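Contents: one structure, followed by commentary.
Predicted model, so just to flag it, every value in this text is computed and none were measured. Counting starts at 1 for both ligands and their atoms, in listed order.
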Amino acid sequence: MSEAVTRPATTGPGLLPSLHPLLRDWLPRQRWFAGKGRPVTGLSLVAATELLPAGGKLGLYHLLVQVHQPHAPVQATATGTTPVPGDCYQLLIGVREALPPRLAPALIGHVTGGPLAGLTVYEALYDPRPAEVLLEALRTRARIGGLRFDRDPHQEIRPGLVSRAVTAEQSNSSVIYGDTFILKLLRRVVPGVNPDLELPLALAREGCSRVPAPTAWLGAELAGQAYVLGVLQPYVQGATDGWELALRELAKGEDFSAEARSLGRATAEVHTALARALPTVTLGHTQLRSMVDGMLARLDAAAQAVPVLRPYVPGLRSAFEALADLAAEGRTWTAQRVHGDLHLGQCLRSPAGEWSLIDFEGEPARPLAERRMPQPAVRDIAGMLRSFDYAAHSVQPSVPGWADHCRAAYCSGYAEAAGRDPRTDPVLLRAHETDKAVYEVVYEARHRPDWLSVPLSAIRRLASNRPT
Ligand SMILES: Nc1ncnc2c1ncn2[C@@H]1O[C@H](COP(=O)(O)OP(=O)(O)O)[C@@H](O)[C@H]1O
Ligand SMILES: O=P(O)(O)O[C@H]1O[C@H](CO)[C@@H](O[C@H]2O[C@H](CO)[C@@H](O)[C@H](O)[C@H]2O)[C@H](O)[C@H]1O
């Protein structure tokens, strides 16, 4: 194993003031920027680490930048609504005299003053040389300034793997190395244990092969708090994600239920391994009441933010109250760690037909503590059921019964592997599907307004308690 490399931090005095106007304009335009719709009034530098000095042909800075926005967003949490301070984002900034044409889409701007005056700054992750610097730091378990690069001592990283960008729509940013590894750099970062690393590591310890085992990771220690900043994992070569595959089959009018059934089995295997690896709890009346209160609070916050939801609020509330009623009668449920944002896009099918699950970050907008709480496994099942519905509603002409067949097959596959069928608890399932559809309404209103009609059609069904 190679020795850990330690280099001092260089925080580049005056760095942020010179980048400030450029980043202020550039940040809100990024797909992963979570504070869309509110002006950026200022930025502050949380940490800056020089990875390559700007004096050379290419300068490279790792930055953690806090973004100030007016009216701190109010987020619905399990217990109600909580104001959130300015979000902190991870940036990898390259500095060159001029950008080669292939990097034109990565341009952030030209610096006019300060230590970088006259230079061009750009988003460096998709430039092979900076991406190589990150891989090499992971490979050698480097310590650079406050950054900590680490890796599983049992997994080797070959030096010199060539990088390429992931072009998919993402909440974070990823780069692929030689079709061997994929590195995800988290964009909006928060202190604490991140489930995107925590759960795959726990699953690897359990010997669960449905989730790529983390090879290496990077983090930082800031003001006594640990941050996870990125995870490197094996790249599933030639994989197609479930969303793409489902749309392909839909376009041909083909049934997808055999795949849905194996996805159900894969989900159940992951849940079983998670329940073995990490603590489970029993949810009684008090815990259920607080879970339902969280769902109600998220619904209220969603209806405030997206007015078109308002007529459905009474019907949607009844889905949640029905669950609280069962708890009041003495029913209990088991809760465990779950994926938290499972949908077809989080499922990868290898050319051999094996399904893997990825992206255990949970719903990015939720507080970390909430994402790490044990929850009924049906939360993930509800996410997948919603996803079949999404796929069916996103094509024209629609294929009658397609989503219903997938949903039924998925539940059957789950039951085969887990020994329990989620359909035997319809009240729990409806409440979670409703919570997910409410989340999707907010997500689409914020990120893809053209898609709003997709979750809204489910909202109408769930509010009137109609079957699919
Ligand atoms: N292990 C992997 N093998 C192959 N492709 C992957 C792997 N992990 C992620 N991907 C690809 O990268 C995309 C983004 O990954 P994901 O973890 O979902 O990021 P985000 O949190 O930004 O949404 C996925 O949709 C998938 O296409
Ligand atoms: O990017 P993430 O994987 O973190 O998830 C977010 O974006 C998803 C869309 O890219 C969003 O998923 C919704 O749309 C999907 C189709 O594009 C659909 O399959 C999902 O069922 C639906 O929820 C997800 O909710 C959001 O957290």
Checklist line | Approximate separation, where rounding is to 0.5 Å, of D380 CG and R337 CZ | finding: 11.0 Å

Note to self: Can you report which non-hydrogen protein atom sits closest to atom 17 (O) of ligand 1, along with the distance?
What the structure shows: K184 NZ, 2.9 Å

Note to self: I'd like to know if P212 contacts ligand 1, where contact means a heavy-atom distance under 4.0 Å to any ligand atom.
What the structure shows: yes

Item checked: Pairs touching residues 334-381 that satisfy ring pair (Phe, Tyr, Trp, His ring centres under 6.0 Å), sequence neighbours left out -> H339-F360

Show which side-chain atoms of residues 232-243 pair as donor or acceptor with protein atoms under 3.5 Å away, not counting sequence neighbours.
from, atom 1, to, atom 2, distance (Å)
Q237, NE2, D179, O, 2.7
D241, OD1, W243, N, 2.9
D241, OD1, E244, N, 2.9

Notebook entry, point to check: Any idea which atoms of ligand 2 are less than 4.0 Å away from a heavy-atom of Y439?
Noted result: 25 (O), 26 (C), 27 (O)

Next item on the list: Begin from the C-alpha positions of H271 and Y414 and carry the test ring-ring contact (aromatic ring centres under 6.0 Å, His included) through to its verdict.
Entry: CA-CA 10 Å; H271 281 165; Y414 189 93; 5.6 Å; yes

Margin query: Determine whether a donor-acceptor pair (N or O, by modelled atom type, separation under 3.5 Å) exists between the side chain of R371 and the backbone of R366.
Written below: yes

Margin query: Checking a contact table here: which protein heavy atom is nearest atom 12 (O) of ligand 1, and how many Å away?
Written below: I182 CD1, 3.7 Å

Notebook entry, point to check: Should I358 be counted as touching ligand 1, given the test is an N or O pair under 3.5 Å?
Noted result: no

Note to self: Is it the case that ligand 2 has an N or O less than 3.5 angstrom from some N or O of W243?
What the structure shows: no

Next item on the list: Return yes when A168 approaches ligand 1 closer than 4.0 angstrom through a heavy atom, no otherwise.
Entry: no

Margin query: Under a 4.0 angstrom heavy-atom cut-off, which atoms of ligand 1 come close to Y235?
Written below: 3 (N), 4 (C), 5 (N)

Notebook entry, point to check: Quick one: do R188 and E361 make a salt bridge, cutoff under 4.0 Å?
Noted result: no

